[in-house]
Amino acid sequence: MEYSTISLENREGVCIAKINRPKALNALNPDVLNDLVKLAHEVNENSEIKLLVLTGEGDKAFVAGADIAAMQSMSPLEANRFCQLGHQAMSMIENCRKPVIAAVNGFCLGGGLELALSCDFIYASEKAKLGLPEVNLGIFPGFGGTQRLPRLIGKNRAKELIFTAAMLSAQQAQEWGIVNKVCSPESLLEEVEKTAHEILKKGPVAIELAKRSVNEGTDLDINSGLALEKAIFPSIFSTEDKNEGITAFLEKRAANFKGQ
Ligand code: CAA
């Protein structure tokens, strides 16, 4: 597929997607949001892509938010369309069938943090700054931040971050449970790829179903979540991967999963 704002590189099944508007600190305008929707479709459909890594072009920003210039003259109707498109892009990334890792290489603000929160987890460079500074502009997070962040770190910490517009260092964001791992800027992609290749050794269908169970289950009460897991679990027993994984263990050899 053709993208006007994202560059792609496939490294042995790990697709590195760089949001490519460095002059605007990779801000999310409608073109980028449409490209993210297309990208999520491509990742789902293209068998050569096993895992997606999202990062920002340049050494300054992952994504510095929704495009402020694009929002300046938006009518409420246009803002509604922009918000719908932002939500569609975030949800498609969140519900991608394959794993998605955010490699946060710099400013990760507003819509940028909302995008990173839609990924399965976040690794960040020690230079990164993360926050939801929308109230500085007299608006508030509109691409899922008021919903995904409290579910991740709790209501009170989320409200403090949103109300104060504070920018957290990568280290603080790790302490707050937003970032899984902090890396030097030079080693960020290497560390992400190392984890990606660990994941790719596992059963792909098992990862896909585990992701569904976690994503769909965390929004339910515990009994409904457990019921969901019980409903999904038996389906893995119809896969070749399950036979291969269990046989390989019993034969004391590495499994060779085919994703079927
Ligand atoms: N949208 C559009 N352009 C942006 C941008 C954004 N979110 N963030 C930065 N830029 C542009 C700047 O306007 C500037 O462009 P020019 O060179 O043409 O002037 C360029 O990127 C470089 O930025 P700065 O000169 O400001 O760089 P800096 O190092 O001095 O500051 C920064 C970096 C602290 C990230 C600062 O750019 C900043 O505060 N950006 C805005 C962050 C923000 O408020 N994000 C939330 C956006 S609203 C949102 O996301 C809504 C939502 O939830 C849906």
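In listed order, ligands and their atoms are each counted from 1.
Protein heavy atoms are found inside the 4.0 Å sphere centred on atom 44 (O) of ligand 1. In this structure, atom 26 (O) of ligand 1 has no protein heavy-atom contact shorter than 4.0 Å. The nearest protein heavy atom to atom 31 (O) of ligand 1 is not closer than 4.0 Å. For atom 13 (O) of ligand 1, the nearest protein heavy atom lies 4.0 Å or farther away. Checking atom 18 (O) of ligand 1 against the protein gives no heavy-atom contact under 4.0 Å. There is a protein heavy atom closer than 4.0 angstrom to atom 48 (S) of ligand 1.
Here Glu240 contributes atom CD and Thr247 contributes atom OG1; the two are 11.5 Å apart, rounded to the nearest 0.5 Å. Remark: Thr5 OG1 to Glu57 CD distance equals 11.5 Å, nearest 0.5 Å. To the nearest 0.5 Å, atoms CD1 (Ile207) and CZ (Arg212) are separated by 15.0 Å.
Every atom of ligand 1 with a heavy atom of Met71 under 4.0 Å away is listed here by number and element: 48 (S). Close approach of ligand 1 to Gly142 is summarised as follows: ligand atoms under 4.0 Å from at least one heavy atom of the residue are 52 (C), 53 (O), 54 (C).
Atom 38 (C) of ligand 1 has as its closest protein heavy atom Leu109 CD1, 4.8 Å. The protein atom (non-hydrogen) at minimum distance from atom 23 (O) of ligand 1 is Leu25 CD1, 3.7 Å. Protein heavy atom nearest atom 5 (C) of ligand 1, with residue, atom name and distance: Ala24 O, 4.0 Å. Ranking protein heavy atoms by distance to atom 29 (O) of ligand 1, first place goes to Lys60 NZ, 2.7 Å. Ranking protein heavy atoms by distance to atom 42 (C) of ligand 1, first place goes to Ala64 O, 3.3 Å. Among all protein heavy atoms, the one lying closest to atom 1 (N) of ligand 1 is Ile68 N, 2.9 Å. What sits closest to atom 20 (C) of ligand 1 on the protein, heavy atoms only, is Lys23 O, 3.3 Å. The protein heavy-atom contact nearest to atom 52 (C) of ligand 1 is Glu134 OE2, 3.4 Å.
Here Ala66 has heavy atoms under 4.0 Å from ligand 1 in both its backbone and its side chain. If you look at Leu137 next to ligand 1, the close heavy atoms, those under 4.0 Å, all belong to the side chain.
Residues Lys258 and Asp241 approach most closely at N-OD1, 3.0 Å, considering heavy atoms. Heavy atoms only, all atoms of each residue included: Ala255 and Gly245 are closest at CB-CA, 4.1 Å.
Within a 6.0 Å sphere centred on CG of Asn215, other residues, nucleotides and ligands contribute more than 12 heavy atoms. Shown here is Glu251, whose CD atom has more than 12 heavy atoms of other residues, nucleotides or ligands within 6.0 Å.
Salt-bridge annotation for Arg97 and Glu45: absent, with no side-chain N of the basic residue lying under 4.0 Å from a carboxylate O of the acidic one. Using a cut-off of 4.0 Å between Lys/Arg side-chain N and Asp/Glu carboxylate O, Glu208 and Lys98 are scored as not salt-bridged. Remark: Glu12 does not engage Lys50 in a salt bridge, criterion side-chain N to carboxylate O under 4.0 Å. A salt bridge links Asp67 with Arg21; the closest basic N to acidic carboxylate O contact falls under 4.0 Å.
Distances from ligand 1 to the non-hydrogen atoms of Pro133 include at least one value under 4.0 Å. Contact analysis leaves Asn136 out of contact with ligand 1, as no non-hydrogen atom separation drops below 4.0 angstrom. Remark: distances from the non-hydrogen atoms of Pro141 to ligand 1 include one below 4.0 Å. Contact between Lys129 and ligand 1 is absent, with no heavy atom of the residue lying under 4.0 Å from the ligand.
When Phe143, Phe140, Phe107 are checked for heavy-atom proximity to atom 33 (C) of ligand 1, Phe107 turns out nearest.
Taking the ring centre of Tyr3 as origin, the terminal cationic atom of Lys38 falls inside the region bounded by 6.0 Å and 45° from the ring axis.
Annotation: side chain of Leu117 is not in contact with side chain of Leu115 (no heavy-atom distance under 4.5 Å).
Two rings, from Phe82 and Phe143, have their centers less than 6.0 Å apart.
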